[in-house]
Amino acid sequence: MSDDAAPWLIVGLGNPGAEYAGNRHNIGFMVADLLAERIGGKFKAHKARAQVVEGRIGPPGPANRRVVLAKPMSFMNLSGGPVTALRDFYKVPLERIVAVHDELDIDYPTLRLKLGGGDNGHNGLKSMTKSMGADYHRVRCGIGRPPGRMQVADFVLKDFSSTERKELDWFVDRAADAVECLVSEGLERAQSAYNS
């Protein structure tokens, strides 16, 4: 299969289980769920310890791309295993992998897109980078820093506050738009439209 025929692998990072569903750490899952809804797909279990949906993103024509949406069903700090297994299964080049994740160093609700870079202490990215290198795309969903002396781990595993929830649907929608733009029009175009 030529690289052109390879799909894009869009990975929403999060923790499986109902008790984590509304957590800040699970914004990647929220974006993946919305993208699945947009392409009319339902997540199904995959042997790579992930749930996946296959479909297409983008306008009809050459910018229309085959995508695999994935939610690793390992815990966040073990995301690299399922993502690497999916990469191998679908024969996806590293530069066609997109991780959608929460980012502490960016204010809520701000988006930033980039290719490659460090993990900034994010366990999901750390695990992915360790498994396959750092040169994949990231859609970074800003959640801001914990207030006062709250521990980072406690903060990311808490649900969005009632104030934040007022903008959450808009934020998830915008992140999904950014993923679609990245896949169909490229990183520079997506950065100029969505980086704030």
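As a basis for the values below, the full set of heavy atoms in this structure was taken, side chains included, without hydrogen atoms, waters or symmetry mates.
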Taking 4.0 angstrom as the limit, do [X] and [Y] come out as a salt bridge?
X: E103; Y: R138; answer: no
X: R174; Y: D169; answer: no
X: K71; Y: D33; answer: yes

Show the nearest heavy-atom pair for residues [X] and [Y], with the distance to one decimal.
X: R66; Y: A5; value: NH2-O, 3.6 Å
X: K91; Y: P93; value: O-CD, 3.6 Å
X: N26; Y: A21; value: CB-O, 3.8 Å
X: A85; Y: A48; value: CB-CB, 3.6 Å
X: A63; Y: S184; value: O-CB, 3.1 Å
X: V139; Y: A175; value: CG1-O, 4.4 Å

Side chains of [X] and [Y]: closer than 4.5 Å at any heavy-atom pair?
X: H137; Y: W8; result: yes
X: M132; Y: L94; result: yes
X: V98; Y: Y136; result: no
X: P7; Y: V67; result: no
X: C141; Y: T110; result: no
X: P72; Y: V83; result: yes
X: I97; Y: L86; result: no
X: Q151; Y: F155; result: no

Quick check: is [Y] connected to [X] through a chain of hydrophobic side chains (ILVMFWY, heavy atoms under 4.5 Å apart)?
X: L111; Y: M30; answer: yes
X: F29; Y: W170; answer: no
X: V68; Y: V179; answer: no
X: F171; Y: V156; answer: yes
X: I27; Y: F75; answer: yes

- Below 6.0 angstrom between ring centroids: does that apply to Y90 and H46?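 Ring centres of H46 and Y90 closer than 6.0 Å.
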
- Message: Is it the case that the ring center of Y108 lies less than 6.0 angstrom away from the ring center of F160?
- Response: yes

Interatomic distance, [X] atom [atom1] to [Y] atom [atom2] [nearest 0.5 angstrom]:
X: L187; Y: C181; atom1: CG; atom2: SG; answer: 9.5 Å
X: M128; Y: M76; atom1: CE; atom2: CE; answer: 11.0 Å
X: K130; Y: S79; atom1: NZ; atom2: OG; answer: 13.0 Å

Between [X] (side chain only) and [Y] (backbone N and O only), is there a donor and an acceptor less than 3.5 Å apart?
X: N15; Y: Y20; result: no
X: N23; Y: L157; result: yes
X: S131; Y: S127; result: yes
X: E37; Y: L34; result: no
X: D107; Y: G144; result: no
X: T129; Y: L125; result: yes

- Option among H25, R24, R140 that satisfies the side chain to side chain donor-acceptor pair (under 3.5 Å) test with D102: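 With D102 as partner, side chain to side chain donor-acceptor pair (under 3.5 Å) holds for just one option, H25.
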
- Task: Please assess V100 against L13 for the test side chain to side chain contact (heavy atoms under 4.5 Å, CB included), listing each intermediate value before the final yes or no.
- Result: CA-CA 6 Å; V100 184; L13 291 178; over 6 Å; no

- Query: Do the side-chain N and O atoms of N195 and R112 include a donor-acceptor pair separated by under 3.5 angstrom?
  - Reply: no

- Are N120 and D105 close enough that a side-chain donor and a side-chain acceptor fall under 3.5 Å?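 Yes - a donor-acceptor pair under 3.5 Å links their side chains.
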
- Is it the case that more than 12 heavy atoms not belonging to K114 sit under 6.0 Å from its NZ atom?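 More than 12 heavy atoms, drawn from other residues, nucleotides or ligands, come within 6.0 Å of this atom.
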
- Any chance CD of E19 has more than 12 other-residue heavy atoms, nucleotides or ligands included, within less than 6.0 Å?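 Check passes, neighbour count above 12.
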
- Message: Using side chain to side chain contact (heavy atoms under 4.5 Å, CB included), reason through Q191 and L182 one step at a time and then give a plain yes or no.
- Response: CA-CA 8 Å; Q191 284 175 325; L182 167 63; over 6 Å; no

- Task: Start with the C-alpha distance between F43 and L69, add both sets of side-chain angles, then the distance that settles side chain to side chain contact (heavy atoms under 4.5 Å, CB included), and finish with yes or no.
- Result: CA-CA 8 Å; F43 278 99; L69 303 173; 4.2 Å; yes

- Check R65, R56, R189, R38 against E180 for a salt bridge (Lys or Arg N to Asp or Glu O under 4.0 Å) and give me the one that passes. R38

- Message: Would L9 and R96 count as a side chain to side chain contact (heavy atoms under 4.5 Å, CB included) here? Give the steps.
- Response: CA-CA 6 Å; L9 175 59; R96 283 206 184 177; over 6 Å; no

